[in-house]
Amino acid sequence: MLRSTLICASLAALASGAYARESTDAASKADAKTITDAKQVGTRDEAKLYAKAEFDQADLDKDGKVSETEFIAYATIRAPMNNKADGAAGKKAANEKTDAAAVSETASAEEEFAEISNGDEAISEDELVEKRMAQFEEADADNDEALDAKERVQFAQMTTPKAPKNTL
Ligand SMILES: [Ca+2]
Ligand SMILES: [Ca+2]
């Protein structure tokens, strides 16, 4: 009994060790031009890099297209952190946030998919890049081609995937 507990504990330690190594790898890749956090986007080039990183993450079967299923899966992973994580207490905050984020907000991941894919069955990398570039322009309130701290927050809010209507 004790022995199996020990084995479990060391397995868990191994697993978390492997995970830590993976995230270090991811972090060093980030230096080599991968932007996975919308708040890191300050220029058009960075908005493009961010869109490409999102696309790579979302295109699970790596066929160069993001299907609706893949998009919903991606939104499910990304959205809860922002839309649901704070639980019931967060609901009030979310309602207050709505005013600031109201610009071009679509209601659900399904609607967002239809919009970005231009109504067909998949999102291409170009379509996602185009969408994020448009959001960059929109967030760049003073049109100086760069996002300051306030504009970055706006960009991050605009680009956060919406929670799906139908969970997987
Ligand atoms: Ca795909
Ligand atoms: Ca600006």
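We count ligands from 1, going down the list as the structure has it; atoms in each ligand are counted the same way. The shown structure was predicted, so the numbers you read here are calculated from the model rather than taken from an experiment.
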In the protein, how many N/O/S atoms are under 3.0 Å from the Ca ion (ligand 2)?
6

Report yes or no: does Arg152 contribute a side-chain atom to a donor-acceptor pair with the main-chain N or O of Leu147 at less than 3.5 Å?
yes

Heavy atoms, side chains only, cut-off 4.5 Å: are Val41 and Ile35 in contact?
yes

Taking Glu137 for the side chain and Ala134 for the main chain, is one N or O donor matched with an acceptor at less than 3.5 Å?
no

Salt bridge or not for Glu112 and Lys162, using N-O below 4.0 Å?
yes

Could you pull out the atom name of the N/O/S atom in Asp61 that is nearest the Ca ion (ligand 1)?
OD1

Please confirm if an N, O or S atom belonging to Gly64, backbone or side chain, lies less than 3.0 Å from the Ca ion (ligand 1).
no

Could you tell me whether Lys65 and Glu70 have a side-chain N and a carboxylate O separated by less than 4.0 Å?
no

Is Arg44 salt-bridged to Glu145, going by a charged N under 4.0 Å from an acidic O?
yes

Minimum-distance atom from the Ca ion (ligand 1) among N, O or S atoms of Asp59
OD1

Between the side chain of Asp45 and the main-chain N/O of Leu49, is any donor-acceptor distance below 3.5 Å?
no

Specify which N/O/S atom of Asp63 comes nearest to the Ca ion (ligand 1), by atom name.
OD1

